[in-house]
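These notes are about the structure you will find just below.
Both counts, for ligands and for their atoms, begin at 1 and track the order of listing.
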Amino acid sequence: MAAEQPTATTRPRPGTGSAAGDATAVAHPNIALVKYWGKRDEQLVLPWTDSLSMTLDVFPTTTRVRLDPGAGEDTVTLDGTPLEGEPRRRVTAFLDLVRERAGSPLRAVVDTRNTVPTGAGLASSASGFAALATAAGAAYGLGLDATGLSRLARRGSGSASRSVFGGFAIWHAGQPDRGGDPDLGSYAEPVPVPVAALDPALVVAVVDAGPKAVSSREAMRRTVATSPLYRPWAASSQADLTEMQEALRRADLDAVGEVAERNALGMHATMLAARPAVRYLSAATVTVLDAVLELRRAGVSAWATMDAGPNVKVLCRRSEADRVAGVVREAVRGGSVHIAGPGPGARLLDAAA
Ligand code: DP6
């Protein structure tokens, strides 16, 4: 299959009913197979390394942005509840950036509906900021193409740059030393993958849907600043990326899984070596990792990856996903298990939808 074409544009399409100043967008989370961990520029959200992910077809976020000419401040709600503190500040800072680019002083009403447990290391910030960038870009009339939208989403949350695209996407770190505007070089784009031959699925094991103790932002910062393992991991991650791209091209699921699992375990090793240590993996995580190992011993191609939380995503063939999900469900007991395939990029919904 050819690469998913970018489906997102922030220019309201004529005839769709998208009203200026009012736009709704939907985006899906993505799971990195080669991870993003560590920023070289906090303000611009520029990473140290390239990363590569699969956008999922589950857990969409839907966000409506409506400009409110009479309002003195932004109103931001998540699933009907007003956001406060740091989460609210991140959204309003993002809107400030959009307003600055649009040359608009207008405040907005932002209404977000999440179907993924927020803050549980299941990439809710990726779908959240991809949907917000798409909706806010349209509401404020920025007229961005998919690349511009990916750069904008990156400013909200790094991983959101990849959720702008469906299927598989690579986020370029951008060259820090080439001069010019560093913002321009750091965006995601689709990776052409023979998806039918690869037949990928991610079995998502939610072992704990509660919010995490340390935000990924803080954990990343601490890892880069204090972990003696960070630089070696970043170097090996670049090599992993090259191998990953070759494995995807060949539709070699075993090779894709092997690289993804070692890249994720290496990322967690960098955190465990940070001072003080950041440990997202729990006893339940290790139980699922053991189950994945058992599946491999039984001849099933199953590989684990974990993000900033204890939950495990198991990469396997779609044709074997039910069997994998059954084994994982036994292992998590009490947790929930979901099967995801490759999903679509961020897109605007018609105003009437
Ligand atoms: C472990 O994109 O949430 O999921 O840029 O600080 O918002 P910020 O971080 P975020 O980090 C995601 C980290 C990860 C790996 C990945 O998705 O590549």
**Request:** Report whether V292 and V327 are members of the same hydrophobic cluster (ILVMFWY, side-chain heavy atoms less than 4.5 Å apart, transitive linking).
**Result:** yes
**Prompt:** Considering only heavy atoms from C-beta outward, does the side chain of M244 approach that of N263 to under 4.5 Å?
**Reply:** no
**Request:** Report yes or no: does a heavy atom of S216 sit under 4.0 Å from some atom of ligand 1?
**Result:** yes
**Prompt:** How does R221 reach ligand 1, if at all, at less than 4.0 Å between non-hydrogen atoms: by side chain, backbone, both, or neither?
**Reply:** neither
**Message:** Please work out, at 4.0 Å between heavy atoms, whether the side chain, the backbone, both, or neither of S157 comes within that distance of ligand 1.
**Reply:** both
**Message:** Regarding ligand 1, does G158 bring an N or O atom to under 3.5 Å of one of the ligand's N or O atoms?
**Reply:** yes
**Asked** Going by atom types alone, do R154 and Y187 pair a side-chain donor with an acceptor below 3.5 Å?
**Response** no
**Message:** When you measure from the heavy atoms of R90 to every atom of ligand 1, does any distance fall below 4.0 Å?
**Reply:** yes
**Prompt:** Counting from 1, what ligand 1 atoms have a heavy atom of R162 closer than 4.0 Å?
**Reply:** 16 (C), 17 (O), 18 (O)
**Request:** Go through the steps to decide whether T147 and S150 satisfy the test side-chain hydrogen bond (donor to acceptor under 3.5 Å, both in side chains), and finish with yes or no.
**Result:** CA-CA 5 Å; T147 306; S150 176; over 6 Å; no
**Message:** For D199, give me all partners under side chain to side chain contact (heavy atoms under 4.5 Å, CB included), at least two apart in sequence or on another chain.
**Reply:** R317, R318, S319
**Message:** Does either side chain, that of T63 or that of T112, offer a donor lying less than 3.5 Å from an acceptor on the other one?
**Reply:** yes
**Prompt:** Taking distance alone, with no angle check, do S51 and ligand 1 share an N/O pair under 3.5 Å?
**Reply:** no
**Asked** What residues form a side chain to side chain contact (heavy atoms under 4.5 Å, CB included) with A239, not counting sequence neighbours?
**Response** none
**Request:** Closest by any non-hydrogen atom to atom 9 (O) of ligand 1: pick that one out of R217, M306, R155, M220.
**Result:** M220
**Request:** Could you tell me which atoms of ligand 1, counted from 1 in the order shown, lie closer than 4.0 angstrom to a heavy atom of D307?
**Result:** 1 (C), 4 (O), 14 (C), 15 (C)
**Complete:** Between the CG atom in L315 and the CH2 atom in W303, the distance rounded to the nearest 0.5 Å is 9.5 Å
**Prompt:** Going by the order shown, which atoms of ligand 1 are within less than 4.0 Å of some heavy atom of S125?
**Reply:** 3 (O)
**Request:** Identify, by atom number and element, the atoms of ligand 1 in contact range of A32, meaning under 4.0 Å from any of its heavy atoms.
**Result:** 16 (C), 17 (O), 18 (O)
**Prompt:** Is K39 near ligand 1, meaning one of its heavy atoms is under 4.0 Å from it?
**Reply:** yes
**Prompt:** Considering only heavy atoms of S159, which atoms of ligand 1 have at least one such atom less than 4.0 Å away?
**Reply:** 2 (O), 3 (O), 10 (P), 17 (O)
